[in-house]
Visitor: 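Handing you this structure, nothing more for now.
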Amino acid sequence: MEAASEGESRAIAFGEEQEALVVRSWNAMRKDAADIALKFFLRVFEIAPSAARLFSFLRDSNVPVDKNPKLKSHAMSVFTMVCESATQLRKKGKVSVRETTSKKLAGTHLKAGVIDEHFEVVRFALLDTIKHAVPAMWCPEMSAAWGEAYDHLAAALKEEMRLLSSSS
């Protein structure tokens with residue numbers, strides 16, 4: 001997502017403190033990251049049960065959702081991308097994902113029928129999961145930092161989805 005649209009061409013100010021909050025909490029969660037990431041997606045499905053139908057690997061599986069290895073892997077990659085986006089915001093002033101990755105993600109999300117409301121559910125579930133994973137660290141500033149990192153990643157993905165849908 002190197003190419004920014006007209007409205008997104010200026011760098012995003014994501015401070016050292018914000019990055020530190022995300023990285024510090026990420027480091028605290030790292031040893032249990034796979035379990036926390038799975039809890040995050042289980043929280044998504046608790047909030048929006050129909051969201052499970054968006055995942056082909058869940059629709060086509062007889063394995064219970066909480067035991068599904070593909071969900072565990074997907075959850076971990078989403079969790080990691082949000083953390084990495086915080087670091088990118090600080091260093092580059094924007095979220096940058098390799099173009100091939102961003103197009104693939106956007107295509108997958110479009111094909112699955114992901115809409116803006118789904119991003120909001122994921123945002124809420126992410127923050128709620130982190131809050132419960134690192135309760136002693138959790139504070140309004142940490143919530144804001146993780147929220148901003150997620151928002152910018154989601155905006156970049158939505159923009160790529162918009163570009164793909166308008167070109168087809």
Side-chain angles (χ1 to χ4, degrees), residues 1 11-58 61 63-98 101-102 104-106 108-109 112 114 116-158 160-161:
M1 294 183 215
I12 300 154
F14 194 77
E16 208 172 310
E17 170 102 7
Q18 290 168 298
E19 180 189 31
L21 288 165
V22 171
V23 171
R24 193 175 320 129
S25 56
W26 173 248
N27 287 336
M29 292 183 283
R30 192 178 297 269
K31 68 181 183 333
D32 299 319
D35 289 339
I36 295 167
L38 180 61
K39 286 178 185 171
F40 155 52
F41 264 86
L42 294 176
R43 183 72 174 115
V44 168
F45 302 148
E46 183 182 313
I47 297 164
S50 63
R53 291 194 301 266
L54 298 172
F55 298 88
S56 60
F57 58 80
L58 293 178
S61 175
V63 178
V65 174
D66 63 331
K67 304 279 189 253
N68 189 300
K70 289 184 179 178
L71 177 62
K72 289 179 180 186
S73 172
H74 179 74
M76 191 63 189
S77 67
V78 171
F79 215 63
T80 303
M81 281 183 83
V82 176
C83 183
E84 288 173 354
S85 76
T87 306
Q88 291 172 4
L89 286 172
R90 171 94 172 90
K91 289 184 178 118
K92 299 179 180 181
K94 64 180 177 179
V95 172
S96 72
V97 178
R98 284 195 342 250
T101 303
S102 65
K104 183 179 180 205
L105 283 171
T108 302
H109 283 75
V114 173
D116 283 352
E117 289 80 11
H118 295 128
F119 286 96
E120 291 305 312
V121 168
V122 169
R123 184 187 199 281
F124 179 84
L126 176 74
L127 297 179
D128 192 52
T129 302
I130 296 166
K131 174 182 168 182
H132 287 91
V134 291
M137 291 181 168
W138 191 253
C139 62
E141 295 81 10
M142 184 175 285
S143 175
W146 272 100
E148 188 170 342
Y150 173 80
D151 290 346
H152 288 292
L153 180 61
L157 182 55
K158 287 185 211 178
E160 192 64 46
M161 289 169 66

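This is a predicted model, so every value here is computed, not measured.
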Visitor: Can you list, pair by pair, the side-chain donor-acceptor contacts under 3.5 Å of residues 46-55, counting residues two or more places apart and other chains?
Guide:
unit_1	atom_1	unit_2	atom_2	d
Glu46	OE2	Arg43	NH1	2.8

Visitor: List the atom pairs, with distances to 0.1 Å, where a side-chain N or O of residues 14-29 and a protein N or O form a donor-acceptor pair under 3.5 Å, not counting sequence neighbours.
Guide:
unit_1	atom_1	unit_2	atom_2	d
Glu16	OE1	Arg90	NH2	2.9
Gln18	OE1	Gly15	N	2.6
Gln18	NE2	Glu148	OE1	3.0
Ser25	OG	Leu21	O	2.9
Ser25	OG	Val22	O	2.9
Ser25	OG	Trp146	NE1	2.8
Asn27	OD1	Arg30	NH2	3.2
Asn27	ND2	Val23	O	3.4

Visitor: Below 3.5 Å, can you tabulate the donor-acceptor pairs from side chains in residues 129-138 to any protein atom, sequence neighbours excluded?
Guide:
unit_1	atom_1	unit_2	atom_2	d
Thr129	OG1	Ala125	O	2.6
His132	ND1	Asp128	O	2.8

Visitor: Return the NZ to OG distance between Lys67 and Ser61, rounded to the nearest 0.5 Å.
Guide: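 Rounded to the nearest 0.5 Å, the NZ-OG separation comes to 12.5 Å.
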Visitor: Do Phe79 and Leu126 make a side-chain contact, defined as non-hydrogen atoms from C-beta onward lying under 4.5 Å apart?
Guide: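 In short, these two side chains touch, coming nearer than 4.5 Å.
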Visitor: Do any side-chain atoms of residues 32-41 form donor-acceptor pairs under 3.5 angstrom with protein atoms, and if so which ones, sequence neighbours left out?
Guide:
none

Visitor: Are the side chain of Asn68 and the backbone N or O of Phe57 linked by a donor-acceptor pair below 3.5 Å?
Guide: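 Yes.
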Visitor: Apply salt bridge (charged side-chain N to carboxylate O under 4.0 Å, His left out) to Asp66 and list each qualifying residue two or more places apart in sequence or on a separate chain.
Guide: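 If we apply the salt bridge (charged side-chain N to carboxylate O under 4.0 Å, His left out) test to Asp66, skipping adjacent residues, there are no hits.
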Visitor: Can you tell me how far the OG1 atom of Thr108 sits from the NE2 atom of His74, to the nearest 0.5 Å?
Guide: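 With rounding to 0.5 Å, OG1 (Thr108) is 9.5 Å from NE2 (His74).
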Visitor: What do the steps show when you test Leu157 against His109 for side-chain contact (heavy atoms from CB on, under 4.5 Å), and what is the final call?
Guide: CA-CA 9 Å; Leu157 182 55; His109 283 75; 3.8 Å; yes
Visitor: Atom CD in Glu120, atom CG in Asp151: separation rounded to 0.5 Å?
Guide: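 It is 7.0 Å, given to the nearest 0.5 Å.
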Visitor: Keeping the roles fixed (side chain from Tyr150, backbone from Phe119), state whether a donor-acceptor pair exists under 3.5 Å.
Guide: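 Side chain of Tyr150 to backbone of Phe119, a donor-acceptor pair under 3.5 Å: yes, one is there.
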Visitor: Looking at residues at least two apart in the chain, or sitting in another chain, which of them share a side chain to side chain contact (heavy atoms under 4.5 Å, CB included) with Ser73?
Guide: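 Applying side chain to side chain contact (heavy atoms under 4.5 Å, CB included) to Ser73 gives none.
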